[in-house]
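What you see below is based on every heavy atom in this structure, not just the backbone, and it leaves out hydrogens, waters and symmetry mates.
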Amino acid sequence: MSNLLQLTALELRDRMASGALSAAELAEAVIARVEAREAEVGAWAWFDAAYLREQAKRLDAHRISGRPIGPLHGLPVGLKDIIDTARIPTENGAAQDRGRVPERDAEIVRRLRAAGAIIAGKTVTTELAFMHPGKTRNPHAPTHTPGGSSQGSAAAVADGMVPLAVGTQTGGSVIRPASFCGVTGFKPSFGVVPRSGVLTQSPSLDTIGVFAADPLSAAMLTDVLAGGDPADPGSVDAPAPRLAATASEAPPLKPVFAMLRMPGWERVSEDMSAALGELSEALGDQAFSAELPAPFEAAAEVREQINFAEMAHHYAGYDPAHLSDETRAALETGQAVMASRYLAALDWKSRITGALDEIFLRCDAIICPSSPGAAPEGLGQTGDPVFNGLWTMAGTPAVSLPVLTSSGGLPMGLQLVGRRGNDGRLLRTARWLYDWIGGEGDSA
């Protein structure tokens with residue numbers, strides 16, 4: 001891998017800002033890496049080296065002119081192929097959408113361009129951002145799943161093809177692939193990042209998320225994407241969150257963590273269980289054990305009712321004959337959900353918040369697995385999202401940190417969850433823990 005691509009996005013940004021690195025130099029490093037590794041990894045649905053060079057040339061000319069540069073000047077960003085890009089294919093991983101080329105950029109793509117980012121290409125998604133896998137393989141073990149549905153975005157960052165990428169999460173589609181591929185994945189609070197111009201699967205759940213090597217770089221990218229959008233009624237019109245600035249600060253006190261035993265705990269691997277036990281012991285009085293009330297056992301079923309019912313409505317235009325068994329079965333299930341059960345499921349979301357608040361009053365963040373363990377072998381499935389869907393339904397921010405390793409040498413993610421709306425505090429806590437585990441922060 002080029003030495004440039006071993007740097008974090010934050011480090012690359014600083015080199016760009018100082019003039020020590022040009023957009024063209026970084027673009028060439030990305031192109032060389034993709035050409036060397038794409039046949040093995042399969043992260044890209046669309047990639048055009050000439051398009052990268054054209055953008056880089058324009059950005060370097062902008063800089064030379066003396067005009068101000070944007071916060072992501074010259075940084076290549078991969079986009080999940082359900083995010084509309086003007087005059088660039090956006091095919092949603094679906095046979096029926098092959099050849100689809102939008103006329104307009106999604107709002108987040110417009111914001112990326114305004115911030116000086118280079119659109120590196122479109123990363124592979126599972127079919128319609130659901131469970132049927134695409135062509136992507138895990139960069140750490142090609143016979144193991146990279147996760148889903150944002151599999152190409154996670155794999156592209158993990159393999160050093162791009163420093164940053166964007167994905168989406170309706171169940172566990174950011175946190176799980178981040179865990180399996182060994183990168184930082186951040187799912188903001190629901191509504192922080194607008195979704196206009198992005199494939200709608202389940203508007204009550206769909207959330208834009210990001211991938212990077214480290215929490216600070218993820219915060220930097222999210223800062224650019226965040227903000228209200230009249231075209232997305234689910235977006236929150238609030239002041240700029242200043243996530244990177246907050247995450248860069250030292251916590252006023254050493255963080256306290258709730259080590260949460262979640263529904264589905266019986267699926268945790270021995271490696272993950274042992275790693276969490278060692279972490280809890282190392283944190284000492286900075287950690288305490290917590291469990292969710294019994295009603296949370298139904299969370300997965302309730303989230304699925306919302307997801308499948310809304311999915312059946314929004315995917316009604318897709319011919320079942322051209323869909324995978326997994327997607328077709330979900331649509332059939334969603335069509336059978338009664339209105340009364342769907343509305344009751346939506347009400348259930350508000351019940352979660354109060355119960356979680358009782359835990360957050362005692363801690364800075366919840367710690368739980370990003371996934372049951374390392375990426376399972378086999379490319380015909382995307383892994384188990386059992387520890388992700390609850391946080392998507394609750395709308396809370398969640399981040400997966402690449403700080404654990406299985407006995408077989410594969411990455412495992414550590415998931416931190418914060419109170420809804422406290423994204424900056426969560427990222428600050430995540431950055432503290434990331435540095436501490438890496439031996440760079442204060443001792444516990």
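- Nearest heavy-atom pair, N422 versus S189, reported as atom, atom and distance to 0.1 Å: N-OG, 4.4 Å.
- When side chains are defined from C-beta on, V174 does not count as touching F186, because their heavy atoms never get closer than 4.5 Å.
- With hydrogens and angles ignored, the 3.5 Å screen pairs no side-chain donor or acceptor of N92 with any backbone N or O of A94.
- At a threshold of 4.5 Å between non-hydrogen side-chain atoms, the residues T168 and D206 do not count as touching.
- In this structure, CG in D159 is found 11.0 Å from OG1 in T136, a value given to the nearest 0.5 Å.
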Legend entry - Test salt bridge (Lys or Arg N to Asp or Glu O under 4.0 Å) applied to K135 and E38, step by step: CA-CA 11 Å; K135 66 178 181 178; E38 174 60 7; 3.8 Å; yes
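- Residue pairs meeting the salt bridge (charged side-chain N to carboxylate O under 4.0 Å, His left out) criterion with at least one member in residues 110-128, sequence neighbours excluded: D81-K122, D105-R113, E107-R110, E107-R111.
- Counting heavy atoms from C-beta outward, L356 and W391 have side chains that approach closer than 4.5 Å.
- Under the rule for a ring-ring contact (aromatic ring centres under 6.0 Å, His included), W265 has no partner lying at least two apart in sequence or in another chain.
- Evaluation of the side chain to side chain donor-acceptor pair (under 3.5 Å) test over residues 234-243, restricted to residues two or more places apart or in two chains, returns none.
- Between the side chains of S149 and K80, a donor-acceptor pair is found at a separation under 3.5 Å.
- Among all heavy-atom pairs drawn from A430 and V399, the shortest one is CB-CG1, 3.7 Å.
- In this structure, the side chains of F211 and V77 stay at 4.5 Å or more apart for every pair of heavy atoms.
- Side chain of S217 to main chain of A213: no donor-acceptor pair is present (N/O by atom type, distance under 3.5 Å, no hydrogens or angles).
- R431 contributes a side-chain N or O that, together with a main-chain N or O of A247, makes up a donor-acceptor pair within less than 3.5 Å.
- There is no side-chain donor-acceptor pair under 3.5 Å between Q169 and T207.
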Legend entry - side chain to side chain contact (heavy atoms under 4.5 Å, CB included) between V166 and I83, intermediate numbers included: CA-CA 9 Å; V166 181; I83 300 169; 3.8 Å; yes
Inset, instruction - Start with the C-alpha gap between L52 and V30, add the side-chain angles, then the distance that decides, and say whether side chain to side chain contact (heavy atoms under 4.5 Å, CB included) holds. - result: CA-CA 9 Å; L52 261 72; V30 167; 3.8 Å; yes
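- For the atom pair F130 CZ and T170 OG1, the distance stands at 10.0 Å (nearest 0.5 Å).
- No donor-acceptor pair closer than 3.5 Å links the side chain of T327 to the backbone N or O of L323.
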Legend entry - D384 and R176: CA distance, side-chain angles, deciding distance, salt bridge (Lys or Arg N to Asp or Glu O under 4.0 Å) verdict: CA-CA 8 Å; D384 189 347; R176 185 167 84 264; over 6 Å; no
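- Here the CD1 atom belonging to I366 is positioned 9.5 Å from the CD atom belonging to Q415, to the nearest 0.5 angstrom.
- Heavy atoms from other residues, nucleotides or ligands lying under 6.0 Å from NE2 of H314 number more than 12.
- Summarising the geometry of S196 relative to D232, their closest heavy-atom pair is N-CB, 4.2 Å, with the distance given to 0.1 Å.
- Here the OG1 atom belonging to T392 is positioned 5.0 Å from the NZ atom belonging to K187, to the nearest 0.5 angstrom.
- For the pair K349 and F190, the cation-pi criterion (under 6.0 Å, within 45° of the ring axis) is fulfilled.
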Inset, instruction - Evaluate the criterion salt bridge (Lys or Arg N to Asp or Glu O under 4.0 Å) for residue pair D347 and R351; output intermediate values, then yes/no. - result: CA-CA 7 Å; D347 288 342; R351 294 169 54 195; over 6 Å; no
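- Atoms CG and OH, on L427 and Y434 in that order, are 13.0 Å from each other to the nearest 0.5 Å.
- Note on ring orientation: taking the six-membered ring where Trp is involved, the planes of W432 and W436 are parallel (angle under 30°, cut-offs 30° and 60°).
- Between L221 and A165, the shortest heavy-atom distance links the atoms CD2-O, 3.7 Å.
- Using a 3.5 Å distance cut-off with no hydrogens or angles, the side chains of S153 and S150 do not pair a donor with an acceptor.
- For the pair D423 and P241, the minimum side-chain heavy-atom distance is 4.5 Å or more.
- Within the model, atoms CD1 of I108 and CG of L225 stand 5.5 Å from one another, a figure rounded to the nearest 0.5 Å.
- Judged by distance alone, with hydrogens and angles left aside, the side-chain atoms of Q335 form no donor-acceptor pair with the main-chain N or O of A312 at under 3.5 Å.
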Inset, instruction - Would you please test W348 and M393 for side chain to side chain contact (heavy atoms under 4.5 Å, CB included) and show each step? - result: CA-CA 9 Å; W348 205 90; M393 184 165 62; 3.5 Å; yes
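- Considering all non-hydrogen atoms of both residues, A374 and L410 come closest at CB-CB, 3.8 Å.
- Screening residues 290-312 for salt bridge (charged side-chain N to carboxylate O under 4.0 Å, His left out) gives E301-R341 as the qualifying pairs, with residues at least two apart or on separate chains.
- No donor-acceptor distance shorter than 3.5 angstrom exists from the side chain of S273 to the backbone of S269, with no hydrogens or angles considered.
- A distance-only check finds a donor-acceptor pair linking the side chain of N138 to the backbone of F180 [under 3.5 Å].
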Inset, instruction - Take D271 and S407 through the test side chain to side chain donor-acceptor pair (under 3.5 Å) and record every step on the way to the result. - result: CA-CA 7 Å; D271 285 341; S407 57; 3.0 Å; yes
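- The number of heavy-atom neighbours closer than 6.0 Å to CD of E266, taken from other residues, nucleotides and ligands shown, is above 12.
- Side-chain atoms of S371 and S179 include a donor-acceptor pair closer than 3.5 Å.
- With 3.5 Å as the limit, one finds a donor-acceptor pair spanning the side chains of H132 and E326.
- With sequence neighbours left out, the ring-ring contact (aromatic ring centres under 6.0 Å, His included) criterion links F257 to no other residue.
- Exactly one of T123, T90, I119, I88 qualifies for a side chain to side chain contact (heavy atoms under 4.5 Å, CB included) with L79. That residue is I119.
- With contacts defined as side-chain heavy-atom distances shorter than 4.5 Å, the pair T382/T126 qualifies.
- With 3.5 Å as the limit, one finds a donor-acceptor pair spanning the side chains of Q201 and N307.
- Between F308 and Y342, the distance separating the two ring centers is not shorter than 6.0 angstrom.
- Side-chain contact between R362 and F288 is present, with heavy atoms from C-beta onward closer than 4.5 Å.
- Nearest heavy atoms, I175 versus S370: CG2-CB, 3.7 Å.
- Under the salt bridge (charged side-chain N to carboxylate O under 4.0 Å, His left out) criterion, the residue pairs touching residues 88-104 are D84-R100, with sequence neighbours excluded.
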Inset, instruction - Go through the steps to decide whether L283 and L279 satisfy the test side chain to side chain contact (heavy atoms under 4.5 Å, CB included), and finish with yes or no. - result: CA-CA 6 Å; L283 286 168; L279 177 62; 3.9 Å; yes
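- Looking only at side-chain heavy atoms (C-beta outward), L414 and L276 come within less than 4.5 Å of each other.
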